[in-house]
Amino acid sequence: MKRRSFLATTAAAAVGTQVLGGVPLRAFTPTNLPQQLTADDDRILIVIQMFGGNDGLNTILPVDDPEYYKIRPTIAVPKEKAINVLSRVYMHPSLAPKDRYGFPQLFEDGRLAIVQGVGYENPNLSHFRSTDIWLSGFNSSDPEKRLLDGWLGRYWSNKINGFPEVLPDDPIAVQIGGSLSMLLQSPNGDIGIALTDPQKFFELGQGLSPDMAVMPENTRYGREFNFVRTVAEQCDKYSTVVKGSFDKGKNVASYSDNGFVQQMKLVARLISGGLKSKIFLVAMGGFDTHVQQQDDNLAGLHPYLLEQLATGVGAFMQDALAQGFADRVVGMTVSEFGRRVQENGSRGTDHGASSVQFVFGNGVRAGVYGQVPDLQNLDGNGDARYQWDFRRVYADVLENWFGGTPQDTENVLEDRVLPLGILQRPTSVEDFYEGRTQVEVRVAPNPASTHATLEWQQSVPAVVTVELYGTEGRFVQKVFADRVLPGTVSVPITNVSTGSYLCAVSINGARTVVPLTVVR
Amino acid sequence: MNTRELFTNLARAAVRGPGPFDGAPLDVQGGLEEYTQPLTLEDVYHLYRRLSFGISVPDARVLVGKTAGEVVDALLGPDTPPDHAKPMQFNKWRDPVSGEMVEYTENPQGADLQTRFAIEAWWRGNHSKLSTWWLQTMVRDATAIEKVTLFWMSHWTSEFSFDEQYLVPQTILNQYNLLRNDRLGDFRQMALDMTLDNAMLHYLGGTYNEVGRPNENYARELMELYTTGIGHYTEGDVQQAARVLTGWKASRYNDMPAPNGMYVSWFDANRHDTGAKEFMGVTIPARTADNNTAFQVKNEEIRELINILFRVRPEAISRFMARKAYLFFVYSSGGEVDPQVVNELAAEFRASDFKLRPLFRKILTSSHFFDPALRGAQIKTPVEYVASLMKQLRLDDGQIVALDPQSWVRTMDQTMFDPPNVAGWPGYRSWISTNTYPRRRDFAKKAIDSIPDAKALDFIKEFPDYDDPAKFVAEVAKYMLPVAVSAERLAYYKSTLLEGQPDYTWNEKLQQAASASRSFKLLLKAMAVAPDFQLC
């Protein structure tokens with residue numbers, strides 16, 4: 001990475017209460033107040049899987065980079081057709097479907113965060129391996145290592161008391177359609193159910209619980225028997241619960257007939273009807289656009305998919321706003337990779353690496369995170385380099401949306417990863433009394449040469465750790481860990497090699513992050 | 001990649017709970033040495049559940065006492081199986097004006113919308129017919145021909161519907177026939193046939209792969225999914241292989257050149273990259289215009305590419321395929337397969353110079369395969385579940401068609417000839433979810449109810465000692481369920497059959513087809529809701 005872009009990235013990574021990459025839009029809106037949430041909150045996450053590898057470069061458009069038009073002679077979107085939003089970003093026009101609450105409007109209203117350059121080290125260009133990496137939250141460079149369960153499955157299976165012996169009253173996760181995703185699996189069993197049609201699920205699920213005891217687990221047969229038995233029991237139990245929410249719920253926004261849009265409609269209806277699931281998983285396919293992804297009129301498979309995405313998300317948010325649950329939901333897109341920046345010979349794009357991710361909802365700090373991809377500085381395969389480790393948004397979800405601790409993040413991801421700061425941490429009265437709050441941290445000097453000092457005011461005695469992370473969000477080294485008394489705290493940082501860092505100050509589990517540059 | 005089943009992909013590594021080799025090992029005593037014990041009735045059922053779609057009671061009883069080697073050799077069938085008695089053809093439709101059957105190959109892309117929808121609807125209809133026909137064929141097949149072909153159709157994936165387009169059903173049928181013929185032969189030949197197969201060229205973009213405009217899609221999957229597995233090639237190898245594969249075209253519509261006939265692939269010399277390629281450290285030399293012919297490029301480049309791959313990566317290929325066959329026929333655990341078993345199978349595969357018959361034979365005649373620790377652990381795929389249930393229930397062609405079984409397979413998350421993506425179906429536990437399990441139960445009920453009373457009585461009489469309710473129930477359990485069930489369960493099944501009445505009432509019921517059938521169906525349904533009815 002060139003030094004100039006390095007520093008720019010660092011500034012953008014300055015995550016905290018006050019500074020944000022790309023300037024947080026909602027900082028200027030009166031809705032950007034800390035939310036009052038109880039510990040037993042009802043926050044919901046919606047995961048939208050875009051299978052096939054979304055072409056990030058034709059989603060958020062680098063129209064000011066002449067290189068973009070050079071390497072994509074037939075499928076680049078001309079600048080005059082791109083949609084410029086708030087002078088910050090150019091979107092593909094398909095993200096603004098006619099008469100819909102599209103992504104430009106969502107962005108202007110402060111409900112959309114755009115993360116550019118999401119990826120990981122040593123990108124894997126296989127759909128399946130990379131999907132496994134994204135869903136498991138493990139970036140294993142060893143291709144033989146089996147990735148067996150999902151980051152959300154691991155987190156929630158540990159959070160729910162007595163799981164899996166005691167199933168919670170409502171399914172923790174609901175997947176619309178298909179077989180249960182790895183995302184929702186854990187070493188202790190599935191945390192969710194898959195269903196397509198609640199009415200049908202109810203009709204077929206009744207009486208499925210087998211009146212049979214659990215088998216001893218000392219044979220393969222016994223284990224598979226028990227697996228099927230539990231699914232049968234879940235059918236019976238949750239078919240009634242889901243049906244109840246479905247009947248009580250409603251939709252007040254208008255949705256189109258497309259499959260994905262209908263999935264979002266069903267999710268809105270189940271939430272509206274009071275289903276207490278924490279996670280909803282919906283999916284779109286077809287992003288593997290090797291051939292004919294877009295014609296001269298900007299029509300084609302990729303624009304079609306973007307239009308469906310924007311239509312589904314927009315209608316859902318309108319529904320959520322009208323029915324009053326918009327503050328409780330946050331959605332994120334995931335896709336296994338972006339496309340090769342250079343188009344191929346078939347008006348399409350081959351598998352690439354880093355891409356664009358969207359996070360939407362009332363709870364997001366809207367804005368653009370990260371830089372436009374540097375098309376002059378590609379990796380060995382000709383792919384855009386990543387700026388953020390994809391797990392940074394996961395850490396955001398765990399710590400700042402579901403209220404987990406940095407230790408939870410480390411346990412779930414088996415790695416120390418810093419939240420990107422897109423979401424706001426729920427602050428409860430207990431958090432406040434126990435000093436589990438973010439503080440204002442000063443760093444001086446910055447840039448530093450040999451040493452720097454971090455300083456902050458602390459109101460309660462607390463366990464404090466100070467860690468350094470790279471700007472992409474991955475752990476570099478531990479600086480300090482101890483119990484600290486109230487007052488002005490100062491921690492020296494020495495012996496750090498030249499580079500840009502994020503200093504994470506964790507006070508009783510609440511993290512504050514400040515940037516630091518070292519030039520030796 | 002089709003949208004409607006894309007979640008199957010997300011569930012790829014659908015492993016829940018510890019894998020069998022993760023924790024305390026569950027002892028499998030049997031190694032890969034040949035199992036020489038005379039087969040019991042349970043052994044015969046076990047073998048036919050895995051290597052075919054089950055076997056009737058009278059047929060199974062004949063095989064008791066034979067050896068695994070004898071039965072498996074016969075089951076695998078001849079290298080080149082006879083053509084189907086009722087061949088399928090999908091290239092003709094009835095002309096609405098003349099009423100004649102005419103060949104119809106118009107390109108829907110260029111046609112007006114109405115025509116396009118009509119063509120696509122016709123294809124979808126053909127796809128359903130093809131699926132039903134194959135299910136009927138599976139039920140009728142007394143050998144392992146269709147089961148082994150099913151393995152290959154799940155390996156060399158082609159999707160009927162992908163990227164908002166369709167593979168012409170006739171080309172899928174051709175691919176099926178090719179794999180059926182290649183199923184026990186030289187794996188290299190199969191790889192060559194698939195590389196130049198019309199449906200494959202269309203599906204993975206080979207037909208768009210041209211000099212100066214490479215499309216890497218097939219080149220990557222040839223290695224990642226079809227031969228070596230991931231991690232045994234570089235991105236450079238993918239790019240070089242793509243160059244080797246340039247110039248092959250899939251003729252599909254009447255507005256495309258078809259020098260070898262419709263639906264037969266052909267070579268466009270002008271689109272072939274004639275430069276030298278460096279694949280896995282081996283050079284494939286450049287060629288001049290006059291030796292840039294289909295014959296020469298096929299043999300000197302495509303066959304050579306495959307030969308290099310097998311020469312440089314024999315370990316990876318043999319291990320990858322041994323593991324895959326093991327997962328399909330023995331235990332599709334999401335966990336690791338016992339590395340020693342894989343190594344021995346892989347060694348056998350290499351020793352036979354990549355001939356497939358010895359690999360399958362080794363697995364299926366082994367003590368390992370017949371080991372009690374591996375019985376009843378396999379989750380039936382939807383195709384296996386539906387086909388084997390219809391076969392177990394002795395349904396005839398008419399009853400099968402009336403059930404529309406391919407639509408049931410679809411609701412269980414498997415559309416035949418149409419995997420969710422190029423990696424195929426994720427398999428194992430992903431088949432059973434709150435979404436699909438209720439459908440499985442529902443299908444079993446409907447299939448059982450579809451047996452006419454008179455046939456139900458004939459079916460009952462196939463079981464030995466059928467007039468003794470206790471023995472009858474035990475034999476039915478053996479036939480329907482993969483592992484011997486407890487005495488309590490047998491007692492429960494007996495009381496279900498007798499509807500709580502004393503034993504002697506069974507003989508009264510046997511006098512009346514309607515009442516015998518009613519009780520028998522209650523018994524079958526009780527067995528079909530047991531969790532182990534999903535296992536084989």
Side-chain angles (χ1 to χ4, degrees), chain A residues 49 51-52 125-129 131-132 135 143-144 146-149 175 177-183 185 187 189-190 193-196 201 204-205 208 210 212 218-221 223-229 231-232 234-235 238 259 283-286 288 290-291 301 344-346 350 380-381, chain B residues 1-18 20 26 163-164 205 208 210 212-217 224 230-231 235 331 333-334 336 373-377 379 413 421 423 426 429-439 441-442 482-483 529-532 534-535:
Chain A
Q49 173 87 21
F51 184 73
L125 303 198
S126 149
H127 290 295
F128 316 105
R129 184 66 182 181
T131 299
D132 288 354
L135 297 182
E144 300 276 311
R146 290 175 301 128
L147 304 174
L148 300 179
D149 41 45
Q175 171 184 309
S179 341
L180 202 76
S181 166
M182 183 203 230
L183 182 69
Q185 295 173 22
D190 302 344
I193 60 166
L195 66 96
T196 308
F201 184 45
L204 296 174
L208 271 188
M212 270 179 215
N218 60 0
T219 64
R220 290 170 183 74
Y221 164 76
R223 289 178 181 181
E224 305 305 345
F225 181 101
N226 291 344
F227 161 73
V228 177
R229 188 186 164 281
V231 173
Q234 283 176 331
C235 290
Y238 290 140
M284 302 175 77
D288 194 16
H290 285 280
V291 177
L301 184 55
N344 66 19
S346 342
D350 292 325
N381 290 327
Chain B
M1 170 70 223
N2 42 31
T3 26
R4 61 189 160 37
E5 288 194 57
L6 108 111
F7 265 115
T8 322
N9 175 69
L10 308 187
R12 275 193 67 249
V15 182
R16 306 149 199 210
L26 305 171
D163 296 355
E164 316 290 315
Y208 306 108
E210 300 181 345
R213 307 172 9 143
N215 184 312
E216 298 171 3
N217 209 354
E224 176 180 335
I230 197 167
E235 286 301 312
Y331 182 35
S333 136
E336 256 340 304
L374 289 163
R375 302 275 178 109
I379 292 170
D413 257 359
N421 58 58
R429 291 184 176 180
S430 75
W431 287 128
I432 309 271
S433 71
T434 52
N435 213 2
T436 58
Y437 183 75
R439 314 283 177 162
R441 219 271 299 255
D442 209 23
V483 168
V529 296
D532 42 356
Q534 307 302 324
L535 307 174

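Excluded from the calculations below are hydrogen atoms, water molecules and symmetry mates; all remaining heavy atoms, backbone and side chain alike, are included. Please read all numbers here as calculations on a predicted model, not as lab measurements. In the text below, chain A, chain B and the rest are named by the order of the sequence lines, each starting its count at 1.
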Under the criterion side-chain contact (heavy atoms from CB on, under 4.5 Å), I'd like the reasoning laid out for A:E224 against B:R429: C-alpha separation, chi angles, the key distance, then a yes or no. CA-CA 8 Å; A:E224 305 305 345; B:R429 291 184 176 180; 2.8 Å; yes
Here the gap from A:D190 atom CG to B:I432 atom CD1, rounded to the nearest 0.5 Å, amounts to 11.5 Å
When rounded to the nearest 0.5 angstrom, what distance separates CG in A:L195 from OG1 in B:T436? 12.0 Å
Best-contacting candidate, A:S126, A:G345, A:G380, against chain B by heavy atom pairs under 4.5 angstrom: A:G345
OG on B:S430 to CE on A:M182, rounded to 0.5 Å: 11.5 Å
Minimum heavy-atom distance between B:P438 and A:L204, given as atom pair plus value: CB-CB, 3.3 Å
For B:N215 and A:S346, the nearest pair of non-hydrogen atoms, with its separation, is ND2-OG, 3.7 Å
Heavy-atom pair with the smallest gap, counting every atom of B:A377 and A:R220: CB-CB, 3.6 Å
Name the region of A:F225, side chain, backbone, both or neither, that has any atom closer than 4.5 Å to a heavy atom of chain B. both
Of the backbone (N, CA, C, O) and the side chain (C-beta and beyond), which part of B:D442 lies under 4.5 Å from a heavy atom of chain A, both, or neither? side chain
Could you tell me which residues satisfy side-chain contact (heavy atoms from CB on, under 4.5 Å) with B:R441, sequence neighbours excluded, listed by chain and number? A:L208, B:K445, B:V529
I'd like to check A:F128 versus B:E224 (side-chain heavy atoms, cut-off strictly below 4.5 Å). Are they in contact? yes
Would you confirm whether B:T434, through its side chain, and A:A194, through its main-chain N or O, come within 3.5 Å as a donor-acceptor pair? yes
Here the pair of heavy atoms bringing A:N344 nearest to B:P214 is CB-O, 4.1 Å
OG1 of A:T196 to CZ of B:R439, rounded to nearest 0.5 Å, is 6.5 Å
Contact between A:H127 and B:N421 at the side-chain level, heavy atoms closer than 4.5 Å - yes or no? no
Sorted by chain and number, sequence neighbours left out, salt bridge (Lys or Arg N to Asp or Glu O under 4.0 Å) with A:D350 holds for none
Under 4.5 Å from a heavy atom of chain B, the part of A:L301 involved: side chain
